[in-house]
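I have placed the structure first, in the form of structure tokens, so that the comments after it can refer back to it.
Order of the sequence lines sets the chain letters (A, B, ...), proteins ahead of strands, with each chain counted from 1. These figures come from a predicted structure and were not determined experimentally.
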2 protein chains.
Amino acid sequence: MSNNQFKRGELYSVINGMATTAVARRLQKNFRNAGIEITIEQWSVLYHLWKEDGLSQLELGNRTFRDKASTTRLIDNLEKQELVTRVASKDDRRINLVYLTDTAKPLQQITYELANKTMNESLQNITKEEIEVVKNVLQRVYDNLMNKDLI
Amino acid sequence: MSNNQFKRGELYSVINGMATTAVARRLQKNFRNAGIEITIEQWSVLYHLWKEDGLSQLELGNRTFRDKASTTRLIDNLEKQELVTRVASKDDRRINLVYLTDTAKPLQQITYELANKTMNESLQNITKEEIEVVKNVLQRVYDNLMNKDLI
DNA sequence: GACATATAGTTAGTTATGCAACTAATATAA
DNA sequence: TTATATTAGTTGCATAACTAACTATATGTC
């Protein structure tokens with residue numbers, strides 16, 4: 001019995017343990033080899049700010065799938081490196097709006113290129129159609145877990 | 001340009017940020033709600049020991065995609081909870097073989113059930129064929145990154 | 001056999017994660 | 001308008017991750 005159980009769980013193992021870890025490590029390695037001194041977690045925050053600057057911490061947490069405590073500390077570290085600044089919102093002084101600094105700006109082009117490079121390395125010999133299936137399935141996995149009750 | 005870039009990178013974001021995090025949190029939540037006091041990382045080690053007891057730390061690290069330092073500390077914590085014991089190999093005294101204790105045994109059945117439950121929650125309305133495509137693609141992503149040089 | 005090299009595991013230092021308890025500011029309700 | 005509840009963010013605590021430097025054992029070469 002114990003040998004036959006948990007077949008579907010192997011998917012979790014594959015998703016979580018292998019591909020995700022491998023891609024994350026490769027992206028971090030590509031950053032490091034290019035002399036980019038930020039973590040991929042920090043980059044995920046910058047990435048959303050390059051798309052839309054001045055987001056609140058909570059909104060950044062939502063977009064990067066982090067709780068607010070993790071978001072606080074990531075932004076602490078980004079602030080230490082002078083890549084972002086917190087600005088208290090005038091409308092609601094509970095809210096910190098997070099803005100990119102001039103130091104962060106030159107990182108966009110190079111990190112996008114390194115992210116593209118990482119994706120090209122990761123997705124060799126994988127078709128557009130396959131990628132679409134994976135994205136679609138993983139989106140539905142997420143929706144299955146989010147839409148019921150809190151994760 | 002910056003708006004049009006990094007299209008493929010969204011896959012990384014989807015894999016890493018959304019589905020993986022959501023599944024991991026749900027599994028941890030299902031453990032917690034059932035009164036199971038282990039982390040999912042600890043469970044990933046126990047899972048491989050239930051399949052094959054007495055693996056070395058390095059082999060456990062390979063199977064769970066961790067480096068040896070992370071594996072050391074994970075096993076430290078499992079040992080504190082008296083779920084595993086380290087036994088120095090007689091053939092090669094550099095090697096620690098890791099064995100399940102009697103305390104760990106009753107966890108197998110219940111955690112397998114909770115993992116199955118988590119997978120059923122995650123994979124609702126997703127077909128076997130889709131799951132096969134995802135597993136296959138993610139395996140190839142992993143192979144793309146592993147087979148070239150070290151991650 | 002002696003010296004260099006490789007391997008398994010540990011430790012130190014930094015970053016990141018989640019939960020829970022907390023503060024400060026805002027919104028709601030009596 | 002005062003009391004209560006909600007919200008955004010911070011902090012404390014524990015676990016986990018990676019890199020690099022380290023110890024101890026084993027292997028290989030001369």
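Note: CG (B:L83) to P (D:dT15) measures 13 Å, nearest angstrom. One can place CD of B:E79 at 9 Å from P of C:dT10, the figure rounded to the nearest angstrom. Between A:R32 atom CZ and C:dT15 atom P there is a gap of 14 Å when expressed in whole angstrom units. If you measure from atom CG of B:L58 to atom P of D:dT25, you get 18 Å, rounded to the nearest angstrom. Here the C1' atom of nucleotide C:dA8 and the CG atom of B:N62 are 12 Å apart, to the nearest Å. B:D91 has its CG atom 10 Å from the P atom of D:dT27, to the nearest Å. Residue A:I40 contributes atom CD1, which lies 13 Å from atom C1' of C:dT17 at whole-angstrom precision. Atom CD in B:E41 sits about 13 Å away from atom P in C:dT17, given to the nearest Å.
Along DNA chain C, the nucleotide closest to A:K90 and the one closest to A:R66 are compared, and the more 5′ of them pairs with A:R66. The residue among B:T71 and A:K80 whose nearest nucleotide of DNA chain C is located toward the 5' end is B:T71.
Interatomic distance, A:E132 CD to A:T127 OG1, rounded to the nearest 0.5 Å: 9.5 Å.
Checking C:dT11, C:dT17, D:dA16 against the side-chain heavy atoms of B:A69 singles out C:dT11 as nearest. Among the nucleotides C:dA25, D:dA26, D:dT10, the one closest to the side chain of A:N96 is D:dT10. The side chain of B:R94 lies closest to C:dT7 when the candidates are C:dG9, D:dC18, C:dT7. The A:K68 side chain lies nearest to D:dA8 when the options are D:dA8, D:dA16, C:dT17.
Phosphate contact (OP1/OP2 of C:dA8, side-chain N/O of B:S56, threshold under 4.0 Å): absent. At the phosphate of C:dA12, neither OP1 nor OP2 sits under 4.0 Å from any side-chain N or O atom of B:R73. Residue A:Q28 places no side-chain N or O under 4.0 Å from the OP1 or OP2 atom of D:dT19. Between A:T72 and D:dT10 there is a side-chain polar atom (N or O) within less than 4.0 angstrom of OP1 or OP2.
B:S70 comes within 4.0 angstrom of a base, heavy atoms only. A:D67 comes within 4.0 angstrom of a base, heavy atoms only. Looking at heavy-atom distances under 4.0 Å, B:N77 makes contact with sugar-phosphate atoms alone, never a base.
Using a cutoff of 4.0 Å between basic side-chain nitrogens and carboxylate oxygens, A:D143 and A:R140 are not scored as salt-bridged. Using a 4.0 Å cut-off between a side-chain N of Lys or Arg and a carboxylate O of Asp or Glu, B:E41 and B:R66 do not qualify as a salt bridge.
A donor-acceptor contact under 3.5 Å is not formed by the side chain of B:R93 with the base of D:dT25.
Partner of B:E121 under the salt bridge (charged side-chain N to carboxylate O under 4.0 Å, His left out) criterion, out of B:K29, B:R25, B:R26: B:R26 alone.
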Evaluation steps, side-chain contact (heavy atoms from CB on, under 4.5 Å), between B:L123 and A:V137: CA-CA 9 Å; B:L123 301 178; A:V137 168; 5.6 Å; no
Test side-chain contact (heavy atoms from CB on, under 4.5 Å) applied to B:L55 and B:L49, step by step: CA-CA 7 Å; B:L55 296 170; B:L49 291 176; 4.3 Å; yes
